Number of protein chains: 2
Amino acid sequence: MIVVLFMMPITLPKIRRKESVRELYDVVIVGAGAAGVSAAIYSSRRNLRTLVIDKFGVGGKLLEAGLIENYPGFTGILGPELAQLFEKHMTKFGAEFLVDEVVNINKFNGMFIVDLASGNSVKSRVVIYCGGAEHRKLNVPGEDKFLGRGVSYCATCDGFFFKDKIVGVVGGGDTAVSYALYLSDICKLVYLIHRRRAFRAEDILVEKLKEKDNVEFIIPYIVTEIRGEGKVESILVKNRENDAVMELKLDGLFIAIGYKPNINALLSLKPETFGAGYLKVDERMRTSVEGLYAAGDITGFEKQLVVAAAQGAIAALSAAEYVRHGKWK
Amino acid sequence: MIVVLFMMPITLPKIRRKESVRELYDVVIVGAGAAGVSAAIYSSRRNLRTLVIDKFGVGGKLLEAGLIENYPGFTGILGPELAQLFEKHMTKFGAEFLVDEVVNINKFNGMFIVDLASGNSVKSRVVIYCGGAEHRKLNVPGEDKFLGRGVSYCATCDGFFFKDKIVGVVGGGDTAVSYALYLSDICKLVYLIHRRRAFRAEDILVEKLKEKDNVEFIIPYIVTEIRGEGKVESILVKNRENDAVMELKLDGLFIAIGYKPNINALLSLKPETFGAGYLKVDERMRTSVEGLYAAGDITGFEKQLVVAAAQGAIAALSAAEYVRHGKWK
């Protein structure tokens, strides 16, 4: 028994891993990124019986983020460090946490049934869906084949494997430019490949990147193929204006070209969506399905940590009113 | 010279106190609470020339707040401590800070003129108004007379003056119940006077308060008079259901019954308002006046720290687009 205790992860002291079938909760929160964590804090502080479910752990995209400088109050903190603070905060007021994957959510007699990959399921009066959005793929030859052998979607996870090597980063948003900045500090050379001449990224980031003498901007180019034998050795890129083609020798390619909303578990409920499959919410974070709230990247709003956290808080406050008074609108 | 340097407040190392008249900024942010701080971080990271103006300093209501437990990432931090972190963060990316009072804002030829109590004024292409909302008064005899002599709107500022004494708290929201909780730890007896039987406050707070044996709930009662000679000695309270009147002997009265939006400086611009004078904004934090954004308590949305911070971020991101592209809608 004591051995088991010592084998539990010491950073997760207050987390209970639930095994129970069809337990009844007031609020089930799907996803433990910033939105889910904040929803759990607010929901449990309203004394609602709250369960958070995430297949990976607490932190969401923070787990693969580098230095965070724009979450007010933290002038600079590494993503995984902030994720640890979130984890501690999430369960402080009684919210439970379960590591499992939500595969389907249905609704019977006004009650949500949340089915899990483990075969278990839980019942809840309210669901706050914070399923986030996943990395979008280039869909070019070699991308899947070389995943983990030079192709990565997370520079802060895998960057260090490419110390003193040559890498490429694909994309023009905050993530891509942040990746390139980070990689320029540890790699010999960084290509930033972007399909447009303008960047969506924060100007301050682009300017910082332009000051780096080991960063080459490859614009306006797209990647058409990833080549190698056993691992990435080069990429083909094509100029979008004049169709010029180049082969760039490199050891790694980091792809940061956007997101795809994680909405599969909700398909049975048929919530209203827009764009790439983002959930439509109103200002109280209500979806088109009674009792179903959403917060964070899945709502297709600004993908900012502090915005996700605020949306989680608002969803939980709305849900608390709904659980107490039963009035949806 | 060196003497002057040492006399500067050591907690404000990066803050420049501007004296210049009619300087041109991209963004002027009025108010340095959570919304203004966050707007400044985002605006300066977008490389916009940014000035924050506040008549008191950085932190807004945090400066009078007790323990903050619901700002995700900080499991528990005192308001003034978080305000210090905000202050450091606000100016980290180049935003300037000015301690002055904004008395009027006008618009000429597409440019805002922000007039200050000092007699100076500044010009800006965009204004993000985070003026907040002030404490609402009871408007009963004795309230003004005994302000600072027993009457207070800030328990965490003044509570300690009433150590081992008897105090009252008026209100039923989070602020009132938090005040009562805090005061119950240092005072001999705390009356919580609330006009309704139900509380708007978080249940977890109300339950904690009910566990305290030195807290008396006076509900549903209103305060009709504050009495004393030179300082508060008692209050008259009246039962709202049966008109019963009691006189409660006490040494201090903390009033926490809501807020009044600080909108006077905007009257020339005639922005659309609602309710008690809150600014109407859309989801991009635009008011009805082109170039004028608002964030935080002034928007009349959830008065939560993390929500104000998110609104500030959104306002700044919207403003950055407007400054760059000139398109309002």
Side-chain angles (χ1 to χ4, degrees), chain A residues 34-42 44-48 62 68-77 81-94 174 198 201-207 281-284 301-302 304-314 316-318 320 324, chain B residues 34-42 44-48 62 68-77 81-94 174 198 201-207 281-284 301-302 304-314 316-318 320 324:
Chain A
V37 166
S38 182
I41 293 167
Y42 273 81
S44 53
R45 283 176 68 82
R46 291 273 160 171
N47 271 2
L48 300 177
L62 281 179
I68 309 279
E69 294 188 316
N70 61 6
Y71 186 67
F74 293 97
T75 53
I77 186 168
E81 284 177 19
L82 186 53
Q84 282 196 330
L85 296 177
F86 275 4
E87 185 166 314
K88 192 175 151 201
H89 205 167
M90 185 180 82
T91 50
K92 185 178 177 190
F93 309 106
D174 282 353
E202 290 187 328
D203 304 282
I204 196 169
L205 294 174
V206 176
E207 278 180 21
V281 291
D282 66 9
E283 67 160 24
R284 305 295 309 164
F301 201 53
E302 294 287 356
Q304 298 294 326
L305 198 54
V306 68
V307 173
Q311 288 183 322
I314 296 163
L317 293 173
S318 303
R324 292 278 145 73
Chain B
V37 166
S38 183
I41 293 166
Y42 273 80
S44 52
R45 284 177 67 84
R46 292 271 159 170
N47 270 2
L48 300 177
L62 281 179
I68 309 280
E69 294 187 316
N70 62 4
Y71 186 66
F74 293 96
T75 52
I77 185 168
E81 284 176 18
L82 186 54
Q84 282 196 328
L85 296 177
F86 275 3
E87 185 166 312
K88 193 175 148 201
H89 205 167
M90 184 180 84
T91 51
K92 184 178 177 190
F93 309 105
D174 281 353
E202 290 186 329
D203 304 281
I204 196 170
L205 293 174
V206 176
E207 278 180 23
V281 290
D282 66 11
E283 68 160 24
R284 308 293 308 163
F301 201 52
E302 293 288 355
Q304 298 294 326
L305 199 52
V306 69
V307 173
Q311 289 183 321
I314 295 163
L317 292 173
S318 305
R324 292 276 144 74

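The structure presented is a predicted model; accordingly, all values stated were derived computationally and were not measured. Residue numbers begin at 1 in each chain, while the letters A, B, ... track the order of the sequences.
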CA sep, side-chain torsions, deciding dist, call: B/I41, A/E69, side chain to side chain contact (heavy atoms under 4.5 Å, CB included):
CA-CA 9 Å; B/I41 293 166; A/E69 294 188 316; over 6 Å; no
Part of B/E302 within contact of chain A (heavy atom distance under 4.5 Å)
side chain
Interchain contact, B/A34 with chain A, by part (heavy-atom threshold 4.5 Å)
neither
Is A/D174 close to chain B through its backbone or its side chain, or both, or neither, when contacts mean heavy atoms under 4.5 Å?
side chain
Taking every heavy-atom pair that is under 4.5 Å apart, which of A/P72, A/A310, A/S44 has the most such pairs with chain B?
A/P72
If you tally heavy-atom pairs under 4.5 Å against chain A, which of B/Q311, B/R45, B/Q304 wins?
B/R45
Would you mind checking which part of B/F301 comes under 4.5 Å of any heavy atom in chain A, side chain (CB onward), backbone (N, CA, C, O), both or neither?
side chain
Which heavy-atom pair separates B/Y42 from A/V306 by the least distance, and what is that distance?
OH-CG1, 4.0 Å
Measure B/A313 against the heavy atoms of chain A and call it side chain, backbone, both or neither at under 4.5 Å.
side chain
Under a 3.5 Å distance rule, please check whether B/K88 uses its side chain to pair with a backbone N or O of A/T75 as donor and acceptor.
no
Interchain contact, A/A201 with chain B, by part (heavy-atom threshold 4.5 Å):
backbone
What are the two closest heavy atoms between A/N47 and B/E207, and how far apart are they?
ND2-OE2, 2.8 Å
Would you mind telling me which of B/L85, B/V307, B/N70, B/L317 has the largest number of heavy-atom pairs within less than 4.5 Å of chain A?
B/N70
